[in-house]
Amino acid sequence: MSSENGQGGGGAGGAPPEQLALIRESVREARTPRAKPRTWRGAALAERLPVARVLVDKGVLHLDRYFDYAVPAELDADARPGVRVRVRFGAGRHRVRDGRREGGGLIDGFLVERLAESDYSGPLAALAQVVSPEPVLSEELLRLARAVADRYAGSLADVLQLAVPPRSARAEKRPSPEPLPPPPVPDAGSWTRYEHGAAFVESLASGGSPRAVWNALPGPGWSEEIARAVAATLASGRGALVVVPDGRAAARVDAALTGVLGEGRHALLTADAGPEKRYAQWLAVSRGSVRAVVGTRAAMFAPVRDLGLVAIWDDGDDSHSEQHAPQPHARDVLLLRAALDKCGFLLGGCSCTVEAAQLVANGWARPLVAGREQVRRAAPLVRTVGDGDLARDEAARAARLPTLAWQAVRDGLRHGPVLVQVPRRGYVPRMACDRCRAPARCRHCAGPLEARDAGALECGWCGRAESDWHCPECGGFRLRAQVVGARRTAEELGRAFPAVPVRTSGREQVLDTVPGTPALVVSTPGAEPVAEGGYAAALLLDGWAMLGRPDLRAGEDALRRWIAAAALVRPQGDSGTVVVVAEPTLRPVQALVRWDPVGHAVRELAERAELGFPPVSRMAAVAGPPEALAEFLGTVELPSDAEVLGPVPVPVPVARAGAPRRTGAAPPGEHWERALVRVPPGSGAALAAALKSAQAARMARGSGGGGSASGSGGGGEPVRVRIDPPDIG
DNA sequence: AGCACGCCGACT
DNA sequence: GTCGGCGTGCTC
């Protein structure tokens, strides 16, 4: 075998390809298992552990495995587990130039492990470069990424792209600060407002790993409560991680952490900071200089050492859902971390998701709730009003306010700011009779009429056009859009209350806080500013808009948004009042009135269990062109208890900017179908594995089958697999 | 996605 | 015999 190492008698030109092929053939025939690494021309290798196991940074599923490379002697010192490397990667016979073996192009990867031998029987190519000696992929992070990839039927490389930020050489050069010793055990503070609240904090402080679903009381106390849980964890000598939905929440927890811990003990990881600063913060965490992290969803992978606590705030907010493949949800990533690291877990919010209720129902987490007396003390008074009841007052009519709502605003403005929550623009503009406000319905199927771009009317259910509408209730023939944007509501309210200032907060411009003086604050859901001293009143105007959506989560979402706004209002004892304009008999409306988000989630959970809906069942959505989807469903070996629903036609998804560029747009006339695959609890992992391997198998073959290799684009038709789709009807 | 390998038909 | 078409499969 000496011919493999000392290649071809040392001629400077290297061996001709045919000879190399022969050599390789002989290697194959010998089937030498656990071959020693060989490089062409026998470049000097690392003496110890000359094999590097590398994760090649390509998201493609059928490459979702490790590749072994030889470690040249000169890279020996830097080529440690976790570093970023570059390797030659490509198919076919390799040219030999300057005595080096060259395959395809250089691509990035992570060195996962150093080994004495490879179990690959062919000759190993050498590592081309160690990009940086910084070990960015720790064993724990790799383990987590692997678990997330498995859970979401995605590739490890895709997950690592989310978990490890891009390198910045300058940030790496800066030394991270010295780690501080653990802080003293903090006081339980306002955790005493909750049953078992103090015990939870004490358990963290003494090195325990309690798991809790926390229903936070309304008001501003939550951020400090999170900070105290973090401080308790640090006091035990362990690290802590907090994930929040947006930059504003992150800033609040950041401030609370500074208040409880002082400076220098925690890092803030948000998208606002530039890439370099962000990477520097990440490195400080990775190096163990900083033991506590608060951040938005990308922080869910933050490489906090020796985790003692993972926490997520407001898990129902959809920004916790990662946009990039394989679209993991922060709650699930933190659940995986809690399980892998056996650390504490805290899921909190003023509202309660069905998933949170399930964690309690199946005994994985304990509830952390306040008694009814505490709730009564902290929550505002909530009243409901149907939207047919228009005020008599002329100004209120113009602003389309029912009497009760009008009075609540007027009374509230005597004592402080009043919050008005209006639907976000872009919500489906449903139509109603201009005269009697009866909803405009399709005459064929009674579906809701919607205004299309050109102003034409169309049924939202059956799609039939309506050109000659008149109101069956009052005979009116003029329609109005039921949803008006924040700006118009603000204008109308401004006219209705000319003496007070009007402020708006929405997507374009989000206000963080407003002063405690009388003002109308018009905001879309999620953008509500915090008022100094709390709002005197809130008016929730988008009831039907949120409840009307044909979505499994419509009720839960509406309640969550109402509660988020109502939680900013003063307690009932300080005459804080909330008026919600929505049908009072609806379940989420009643839950708001009773301030019982947990009860609502528990009932939803029971209903979903009965209907076999997520999260009680695990679902996956598979979408693609009909033939490709049919072929995929024919191939995939689903677990025996899986159930396929559909397929049904769905709109072709628009290619997002930043997504891998596919040639051209979707051909006109193309349509997609989507099937849902459902499995009972416990079969989720099997489902993900089955979908992943079927997807991987597809990559190798073309879509084959139906001979219509019809021109456009060509190549294997994409089938999209999405675990836990957020938007099932 | 690339790229090489191989099997099969056509041409010097 | 040898060149080169494209179909298939692999990438350490």
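Going from atom CD of A:E113 over to atom P of C:dC12 covers 19 Å, rounded to whole Å. The distance between atom CZ of A:R114 and atom C1' of C:dC12, rounded to the nearest whole Å, is 15 Å. At whole-Å resolution of the value, CG in A:D68 and C1' in C:dT11 are 13 Å apart. Summarising the geometry, the separation between CZ on A:R86 and P on C:dT11 is reported as 22 Å, rounded to the nearest angstrom. What separates OH of A:Y66 from P of C:dC12 is a distance of 17 Å, to the nearest Å. Regarding A:R88, its CZ atom lies at a distance of 12 Å from the P atom of B:dC3, rounded to whole Å. The separation between A:L106 atom CG and B:dA1 atom P is 21 Å, rounded to whole Å. In this entry the distance linking CG of A:D57 with C1' of C:dT11 reads 15 Å, nearest Å.
In this structure A:R65 satisfies the salt bridge (charged side-chain N to carboxylate O under 4.0 Å, His left out) test with no other residue, sequence neighbours excluded.
Of the possible polar contacts, none joining the A:R618 side chain to the A:L687 backbone as a donor-acceptor pair under 3.5 Å is found.
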Report, one line per pair, each donor and acceptor closer than 3.5 Å where one atom sits in a side chain of residues 297-306 of chain A; sequence neighbours left out.
| unit_1 | atom_1 | unit_2 | atom_2 | d |
| --- | --- | --- | --- | --- |
| A:R297 | NE | A:E322 | OE1 | 2.9 |
| A:R297 | NH1 | A:S319 | O | 2.9 |
| A:R305 | NE | A:S286 | O | 3.0 |
| A:R305 | NH2 | A:S286 | O | 2.9 |
| A:R305 | NH2 | A:R287 | O | 3.3 |

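Judged by ring centres under 5.5 Å apart and planes tilted less than 30 degrees, A:F67 fails to stack against the six-membered base ring of C:dC12.
For the residue pair A:D158 / A:Y152, no side-chain donor-acceptor distance below 3.5 Å is found, with atom types taken as modelled.
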